[in-house]
Amino acid sequence: MSVRLEKQGAIAHLLIDRAVKRNAFTQAMWEALPGLLADAMADDAIKVVILRSAEPGTFCAGADIAEFSEGALDPEWRAKNQDSIRRAQHELARAEKPVIAAIDGDCVGGGCGLSIACDLRVASPRARFGITPAKLGLVYSLHDTKLLVDLVGPAQAKRILFTAQLLPAEEAQRIGLIEILDEDPVAAATALAGAIASASSHSVRNTKKIVRRILDGQADDDAETHALFGSAFTGEDFREGVSAFLEKRKAVFK
């Protein structure tokens, strides 16, 4: 399989391993990703997931165009492919635990779609970003497009999609397409994951839920978000956090 999961302590690495094809995603890879992600979500030892290439140089060049060109004229295959891509991105965007993309090299098309579905993005200076349906006469789905608009705003999203141009890493950071620029994106992403893993998982996961609700259009608290706020005060993480503060030590969360 050209995408696989490796676990290292509290961090799981979701590895794209098809360097000979610049990590282009096949239908089988799109179908496999949600199950691997679910494995990481179900493992209580895992606190953070890093999505990255198994080898440096290319994050993901997008869909496998050779496979896509063969199947695209078949309505049944096309529907299956679209459903698999949407499910992979939907599961990444709504995963219970944080997901960080570590990007080195080209992050284009479906590869960029994967990265924008993650919570955070760390990239090397040699990374390039583009979403290129306009080069193929295609139109991206609403879910894909919303992920992009949520990150960079409607005007920058239109520029990226209208022109299909590749953006250098520095510009991608300037417009909000990535958060951190580092010569070693895997090391930087691992350090970021470690910082997240040492924080309260209760706080992190529920903050992610609330941010997702905001992105999905919710503008004010409801009974569930009120309950999330109130119940935290009776939780183990709150007790540990307060004790650590009073004892002037670092909190150790389970």
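Quick caveat: nothing in here was measured; it's all calculated off a predicted structure. Note: hydrogens, waters and symmetry copies are ignored here, and every other heavy atom, side chains too, is used.
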How long is the span from the [atom1] atom in [X] to the [atom2] atom in [Y], to the nearest 0.5 Å?
{"X": "H13", "Y": "R52", "atom1": "NE2", "atom2": "CZ", "result": "5.5 Å"}
{"X": "L14", "Y": "C118", "atom1": "CG", "atom2": "SG", "result": "8.5 Å"}
{"X": "D119", "Y": "R121", "atom1": "CG", "atom2": "CZ", "result": "7.5 Å"}
{"X": "S115", "Y": "L177", "atom1": "OG", "atom2": "CG", "result": "6.0 Å"}
{"X": "L192", "Y": "I180", "atom1": "CG", "atom2": "CD1", "result": "5.0 Å"}
{"X": "L181", "Y": "R174", "atom1": "CG", "atom2": "CZ", "result": "13.5 Å"}

Specify the closest pair of heavy atoms between [X] and [Y], including all atoms of both residues, with the distance to one decimal.
{"X": "E55", "Y": "A19", "answer": "OE1-CB, 3.8 Å"}
{"X": "A93", "Y": "K208", "answer": "O-CE, 3.9 Å"}
{"X": "T58", "Y": "N23", "answer": "O-ND2, 3.0 Å"}
{"X": "I175", "Y": "Q156", "answer": "CG2-NE2, 3.5 Å"}
{"X": "L148", "Y": "I116", "answer": "N-CD1, 3.6 Å"}
{"X": "A189", "Y": "A102", "answer": "CB-CB, 3.8 Å"}

Give every residue pair that meets the ring pair (Phe, Tyr, Trp, His ring centres under 6.0 Å) criterion with at least one member in [range], sequence neighbours excluded.
{"range": "residues 88-124", "answer": "H90-H143"}
{"range": "residues 231-254", "answer": "F229-F233, F233-F238"}
{"range": "residues 47-66", "answer": "none"}
{"range": "residues 191-228", "answer": "none"}

Counterpart residues, side chain to side chain contact (heavy atoms under 4.5 Å, CB included), relative to I85 (two or more places apart) = W30, N81, Q89
key: side chain to side chain contact (heavy atoms under 4.5 Å, CB included) partners of A40, counting only residues at least two apart   = L5, A12, I46, V49
Hey, does [Y] have a side-chain heavy atom less than 4.5 Å from the side chain of [X]?
{"X": "F129", "Y": "I160", "value": "no"}
{"X": "I16", "Y": "M29", "value": "yes"}
{"X": "E91", "Y": "L33", "value": "no"}
{"X": "T190", "Y": "Q8", "value": "no"}
{"X": "V204", "Y": "V48", "value": "no"}

For the hydrophobic clusters of this structure (ILVMFWY residues joined by side-chain heavy atoms under 4.5 Å, transitively), does one cluster hold both [X] and [Y]?
{"X": "I100", "Y": "I103", "value": "no"}
{"X": "V149", "Y": "I131", "value": "no"}
{"X": "L147", "Y": "I214", "value": "no"}
{"X": "L51", "Y": "L151", "value": "yes"}
{"X": "L120", "Y": "V99", "value": "no"}

With a 6.0 Å cut-off (strictly less than), is the heavy-atom count around [atom1] of [X], excluding the residue itself, greater than 12?
{"X": "Q218", "atom1": "CD", "value": "yes"}
{"X": "E247", "atom1": "CD", "value": "yes"}
{"X": "D44", "atom1": "CG", "value": "no"}
{"X": "L246", "atom1": "CG", "value": "yes"}

Tell me the salt bridge (charged side-chain N to carboxylate O under 4.0 Å, His left out) pairs involving [range], sequence neighbours left out?
{"range": "residues 185-206", "answer": "E96-R205"}
{"range": "residues 223-246", "answer": "R213-E224, E236-K254, E240-R249"}
{"range": "residues 181-202", "answer": "none"}

key: Step-by-step side-chain contact (heavy atoms from CB on, under 4.5 Å) determination, R159 to L167   = CA-CA 11 Å; R159 178 169 73 101; L167 303 181; 4.0 Å; yes
Can you list, pair by pair, the side-chain donor-acceptor contacts under 3.5 Å of residues 105-114, counting residues two or more places apart and other chains?
unit_1, atom_1, unit_2, atom_2, d
D106, OD1, R128, NE, 2.8
D106, OD1, R128, NH2, 3.3
D106, OD2, R22, NH2, 2.7
D106, OD2, R128, NH2, 3.1

query = So, the side chain of S53 versus the backbone of P56: is there a donor-acceptor pair under 3.5 Å, distance only?
reply =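 Between the backbone of P56 and the side chain of S53 there is no qualifying donor-acceptor contact (under 3.5 Å).
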key: Test item: R18 side-chain N/O and V3 main-chain N/O as donor-acceptor pair under 3.5 Å   = no
Set of salt bridge (charged side-chain N to carboxylate O under 4.0 Å, His left out) partners for E31, sequence neighbours left out =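 K80.
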task = Apply side-chain contact (heavy atoms from CB on, under 4.5 Å) to the pair K47 and I11, showing each step before the final yes or no.
result = CA-CA 6 Å; K47 302 293 182 65; I11 302 171; over 6 Å; no
inquiry  = The test is side-chain hydrogen bond (donor to acceptor under 3.5 Å, both in side chains); show your working for S124 and D104 and say whether it passes.
reply    = CA-CA 5 Å; S124 74; D104 189 24; 2.7 Å; yes
Salt-bridge criterion met for K146 and D150 (N-O under 4.0 Å) = yes
inquiry  = Show, in sequence, the C-alpha distance, side-chain angles and deciding distance for S2 and K21, and conclude whether the side-chain contact (heavy atoms from CB on, under 4.5 Å) test is met.
reply    = CA-CA 10 Å; S2 299; K21 293 292 186 180; over 6 Å; no
message = If you apply the rule side-chain contact (heavy atoms from CB on, under 4.5 Å), what do you find for K7 with D39, and how did you get there?
response = CA-CA 10 Å; K7 300 176 182 179; D39 182 347; 2.8 Å; yes
Name each donor-acceptor pair under 3.5 Å that joins a side chain in residues 133-141 to protein atoms two or more places apart or in another chain, with its distance.
unit_1, atom_1, unit_2, atom_2, d
S141, OG, D144, N, 3.2

